[in-house]
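What follows is a short report on a single structure.
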Amino acid sequence: MIDSESRSTLRIAFDRINRLVSLEPVRTSPVAIVFFVIAAFLGALGQFYYKSGAEKAGNTLASYVFNARLLGGVICYIAVMVLFVAAFKRGGALTVLYPIYASTFIFAAIIAWFAYGMPIRPVHCAGFALLIAGMYLLGR
């Protein structure tokens, strides 16, 4: 006979196995998805601030520390981390949300187009479409 403690341990183990092989989708809050899209935009904006701040920085530590654009990049990344935590607290599944963060590449291209006049060619649009398709498939 199996005692009640062993039975409870087996039940917990079987429940975990069932969750691993379950075909039911994990529900992710729409608010969590919006938070990750905003985080992706802020991540790209932070990269822009790092690049433009690096262009303005000199060779001294002070030129890095007192560089408003570099500080803007740091603030963007802090906001990204806050949004990540807020999204996960609202029931966001990592396998659904983190692929959304890949849209940072799309936002970076758009920011580079506005800020530097970098062209967005048809091949880039094809890459964007592949990224979006990948985000969709990974989130399923």
Side-chain angles (χ1 to χ4, degrees):
M1 289 234 125
I2 298 175
D3 64 0
S4 64
E5 186 177 329
S6 297
R7 216 176 276 145
S8 176
T9 302
L10 283 173
R11 186 172 298 125
I12 291 169
F14 281 124
D15 284 346
R16 286 183 181 167
I17 291 169
N18 282 334
R19 274 188 255 135
L20 283 174
V21 298
S22 174
L23 296 177
E24 292 184 26
V26 176
R27 298 281 179 218
T28 298
S29 164
V31 173
I33 292 170
V34 169
F35 282 173
F36 256 73
V37 170
I38 294 168
F41 173 75
L42 289 174
L45 188 62
Q47 286 298 319
F48 163 73
Y49 282 136
Y50 285 154
K51 178 176 175 27
S52 62
E55 292 168 354
K56 303 254 187 230
N59 292 329
T60 66
L61 179 61
S63 71
Y64 283 69
V65 172
F66 299 109
N67 186 318
R69 291 185 182 239
L70 292 178
L71 179 61
V74 170
I75 290 169
C76 283
Y77 274 96
I78 291 170
V80 166
M81 294 304 119
V82 169
L83 286 166
F84 280 5
V85 171
F88 292 134
K89 293 266 310 166
R90 284 171 175 70
L94 184 62
T95 56
V96 172
L97 293 175
Y98 205 72
I100 293 169
Y101 193 67
S103 63
T104 300
F105 296 110
I106 298 170
F107 289 125
I110 294 168
I111 290 169
W113 178 58
F114 275 110
Y116 299 110
M118 300 290 291
I120 297 177
R121 298 188 178 99
V123 69
H124 299 140
C125 292
F128 298 161
L130 287 172
L131 270 171
I132 292 167
M135 287 185 277
Y136 172 77
L137 292 173
L138 285 168
R140 291 189 52 82

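- What you find for A39 and Y101 is that their closest heavy atoms are O-CE1, 3.5 Å.
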Checklist line | side-chain contact (heavy atoms from CB on, under 4.5 Å) evaluation trace for F88 with L94 | finding: CA-CA 8 Å; F88 292 134; L94 184 62; 3.5 Å; yes

Sequence neighbours left out, cut at 3.5 Å: what donor-acceptor pairs do the side chains of residues 66-87 make with other protein atoms?
{"from": "N67", "atom 1": "OD1", "to": "R69", "atom 2": "N", "distance (Å)": "3.0"}
{"from": "N67", "atom 1": "OD1", "to": "L70", "atom 2": "N", "distance (Å)": "3.2"}
{"from": "N67", "atom 1": "ND2", "to": "G53", "atom 2": "O", "distance (Å)": "2.8"}
{"from": "R69", "atom 1": "NH1", "to": "S52", "atom 2": "OG", "distance (Å)": "3.1"}
{"from": "Y77", "atom 1": "OH", "to": "G43", "atom 2": "O", "distance (Å)": "3.3"}
{"from": "Y77", "atom 1": "OH", "to": "Q47", "atom 2": "NE2", "distance (Å)": "2.6"}

Next item on the list: Decide side-chain contact (heavy atoms from CB on, under 4.5 Å) for Y49 and I111; before the verdict, give the C-alpha distance in whole Å, the side-chain angles of both, and the deciding distance to 0.1 Å.
Entry: CA-CA 11 Å; Y49 282 136; I111 290 169; over 6 Å; no

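- With side-chain heavy atoms closer than 4.5 Å counting as contact, directly or through intermediates, the hydrophobic cluster containing L131 also holds F105, I106, I110, W113, F114, I120, F128, I132, M135.
- Atom OH of Y50 is surrounded by more than 12 heavy atoms from other residues, nucleotides or ligands within 6.0 Å.
- A cation-pi arrangement is found for K51 relative to Y116, the charged atom lying closer than 6.0 Å to the ring centre and inside a 45° cone about the ring normal.
- Rounding to the nearest 0.5 Å places CE of M118 at 8.0 Å from NE2 of H124.
- The line from CD1 of I38 to CG of L45 is 13.0 Å long, rounded to the nearest 0.5 Å.
- Heavy-atom contacts from other residues, nucleotides or ligands closer than 6.0 Å to OH of Y98 number 12 or fewer.
- Remark: Y136 pairs with R140 by the side chain to side chain donor-acceptor pair (under 3.5 Å) rule, at least two apart or across chains.
- With contacts defined as side-chain heavy-atom distances shorter than 4.5 Å, the pair F41/F36 does not qualify.
- Closest non-hydrogen pair, S103 versus A40, comes out as OG-CB, 3.3 Å.
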